[in-house]
K.L.:
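So that we are looking at the same thing, I have put the structure below in structure tokens.
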Amino acid sequence: MNMSRVDPLVLGNVVGDIVDPFYPSASFKVFYNNKEMTSGSELKPSQVAIEPRVQIGGRDMRTLYTLVMVDPDAPSPSNPTKREYLHWLVTDIPETTNASFGNEVVPYENPKPIAGIHRFVFVLFRQTVRQTIDAPGWRSNFNTRDFAQYYNLGSPVASVFFNCQRENGCGGRRYR
Amino acid sequence: MDFTNKVPPDTPLPLARQGSVYSLTFDEFQSTLGGGSKDFGSMNMDELLKSIWNAEETQATMASASGCGPTGTEQQTSGIHRQGSLTLPRTLSQKTVDQVWKDIIGVGTSTGNAGPSSMCPAVPVGIVTKEEIMQKREPTLGEMTLEEFLVRAGVVREEPVPQMTPFGVTTPTVCENNFGKLVGSPMQPRPFGGLNNGSVVPGFVGLGPTPVSAPVESPVDLNGNSSDLSPVPVPYVFKGLRGRKGAATVEKVAERRQRRMIKNRESAARSRARKQAYMMELEAEIAKLKEQNKELQEKQVEMMKIEKAKVQEVMSQQPMSKRVCLRRTFTGPW
């Protein structure tokens, strides 16, 4: 991973808003509609309506991963009172496979941004053991940092994100 | 007309030009004339005004040539009236700038009295030592803007007078006027209410006549920075509030605008960050792909070589057995 220039995650404020700075030690790819998602790109709600294929790279099938997908800009980037909104939570994903092999603790909810341009962030944690993770009571105001700490997941090992805004205009200005 | 010396930092580009000659200080004005008149001090007020008008005209022609200020230019050329001694009270026109200046710094109210402040009261006007004047004046008159001088001299009044219009209209960029003149200008609070309507550049939203705003700002805010834009531009009035401007509403409006501006800024910053982040990511990916491509190409070359070698090996072994096989029967059907 290219850390010499400013990392896109830092620029996009993912580092800071959701996670603390970390060293990526795993790789994963997200495929929406069989097309690889480039971190930082913009996708339409229609394109992300269906759960993506999240492929974890590597070689050792014994290592397990937890995947978190959150929206830190809910309900709107200028007023993120629901930060972070949990869209998906999958645990026990074996390395080299994809998320469908894991345990879906919180089912995928497709992004439906109303106001502004939201970031949707995937964060990957490496589990030390196979563990049971409970679903939170609600999706709003999820805190990835606290979550990781509570379940001893340590620092994230990888992260990507994409931007998404309302399909038909006027996610923009509201006076006041 | 923006009577401040500096360009407001937030104004869009077309407003970057300085307002008018009036916002120049004596020093600057002098230098623009190429040091033609060595010392304004001994110049008559009449002459002073004439030279100012000259300078304005040249500025007007320059302005119209450069094409800035949609409505201002036409008005400008017509607006520079040779008011001549019409605007100058009798008492003033014959005085020299020096004398008027002394009057100004000496007195707050009446012109013509020698002031007590830092001058020897016993000495009649005109005979104060040159050094004293220089000391007093150098840091002050030279730095004073023309307009302020004129105001103080009583040449220009602060009440709405029809003759005032030339001053306001002379600025080449009318847009700037709408902010600057209403907020920071002492000279034309009221007439500009009316003037604005005609000369408002359509780009400005909802700018209506707001005479109320003028008294809000201190009139002698000329030499100060033009902060009229950085705190919220007070003259902005929404269409709905046309008739009912209390101080509270104006404040609220201002506050709302301020908040909006902040939000907009944040949004813009986020947008830029987004763009940059994506750009970085793409570049990184390009680099990665190029690398990959290079490797694959090299690999392919290698593979070709190996294959070639293999084939050659096979070929060199073949000949023996082939010769054996080449013996054919001649009794083939064809």
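Scope of the values below: all heavy atoms of this structure, side chains included, with no hydrogens, waters or symmetry mates. Residue numbers start from 1 in every chain, and the chains themselves are labelled A, B, ... in the order their sequence lines are given, proteins ahead of strands.
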K.L.:
Got more than 12 heavy atoms from elsewhere within 6.0 Å of CD1, B/Ile262?
P.N.:
yes
K.L.:
Below 4.5 Å, heavy-atom pairs only: which of B/Met279, B/Glu266, B/Arg270 has the largest tally toward chain A?
P.N.:
B/Arg270
K.L.:
Under the salt bridge (Lys or Arg N to Asp or Glu O under 4.0 Å) definition, can you give me all pairs with a residue in residues 134-144 of chain A, not counting sequence neighbours?
P.N.:
A/Glu109-A/Arg139
K.L.:
How long is the gap from OG1 on A/Thr38 to CD on B/Glu281, to the nearest 0.5 Å?
P.N.:
7.0 Å
K.L.:
With sequence neighbours left out, write down each residue that passes salt bridge (charged side-chain N to carboxylate O under 4.0 Å, His left out) with A/Arg145, or none if nothing qualifies.
P.N.:
A/Asp20
K.L.:
At a 4.5 Å cut-off on heavy atoms, which part of B/Glu285 comes close to chain A: side chain, backbone, both, or neither?
P.N.:
side chain
K.L.:
Which atoms form the tightest heavy-atom contact between B/Ala277 and A/Gly12, and what is the distance?
P.N.:
CB-N, 4.0 Å
K.L.:
Might you confirm whether atom CD of A/Glu167 has over 12 heavy atoms from other residues, nucleotides or ligands at distances under 6.0 Å?
P.N.:
yes
K.L.:
So which bits of residues 52-82 of chain A come within less than 4.5 Å of chain B, counting non-hydrogen atoms only?
P.N.:
A/Pro77, A/Ser78
K.L.:
Would you say A/Tyr150 has more than 12 foreign heavy atoms packed within less than 6.0 Å of its OH?
P.N.:
no
K.L.:
Restricting to non-hydrogen atoms, name the atom on B/Tyr278 and the atom on A/Ser39 that form the minimum distance, rounded to 0.1 Å.
P.N.:
CD1-O, 3.9 Å
K.L.:
For A/Asn110, I'd like to know if atom CG has over 12 heavy atoms of other residues, nucleotides or ligands within 6.0 Å.
P.N.:
yes
K.L.:
For A/Glu42, check salt bridge (charged side-chain N to carboxylate O under 4.0 Å, His left out) against everything at least two apart and list the hits.
P.N.:
none
